[in-house]
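As structure tokens, the structure follows; a few thoughts come after it.
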Amino acid sequence: MAQTHTFPTDLLETQTAWYRTYRHLAENATSASGTAAHRRQLLTLSARIAAHPYWDTPAGTPAARVALKEAARSLTGTGGCPPG
């Protein structure tokens, strides 16, 4: 039976921002313009996601981590399975 997850808005927004930043970095990998800044942004966003209080609740299961990524991918239109 599939479990549905309700994520805090800030957590979903942060994961969505992670995918947008990753996509921008990937699309501009051949350009040195801003790559360091985007890499730093990915690290910052990753830390925010990992340290979010949601993961300390009973709902913060490994399956919820996967569901968060799937929800963010659908919001950003990235589909497929990008890293992260």
Kindly give the heavy-atom pair with the smallest separation between [X] and [Y], and that separation in Å.
{"X": "A59", "Y": "A64", "result": "O-CB, 3.3 Å"}
{"X": "H38", "Y": "T21", "result": "O-CG2, 3.6 Å"}
{"X": "A72", "Y": "L12", "result": "N-CD1, 4.0 Å"}

By the definition side chain to side chain donor-acceptor pair (under 3.5 Å), identify the one residue from R73, K69, H24 that meets it with Y19.
R73
Distance (rounded to the nearest 0.5 Å) between [X] [atom1] and [Y] [atom2]:
{"X": "D10", "Y": "T14", "atom1": "CG", "atom2": "OG1", "result": "5.5 Å"}
{"X": "W55", "Y": "R65", "atom1": "CH2", "atom2": "CZ", "result": "5.0 Å"}
{"X": "Q15", "Y": "I49", "atom1": "CD", "atom2": "CD1", "result": "4.0 Å"}

Determine, step by step, whether Y54 and H5 satisfy the side chain to side chain contact (heavy atoms under 4.5 Å, CB included) criterion, reporting the C-alpha distance in whole Å, the side-chain angles of both residues, the deciding distance to 0.1 Å, and the verdict.
CA-CA 11 Å; Y54 177 81; H5 300 275; 4.2 Å; yes
If hydrophobic clusters are built from ILVMFWY residues whose side chains come within less than 4.5 Å, do L75 and L42 share one?
yes
Is there a side chain to side chain contact (heavy atoms under 4.5 Å, CB included) between R39 and L43? Walk through the geometry before answering.
CA-CA 6 Å; R39 289 174 195 260; L43 289 172; 5.7 Å; no
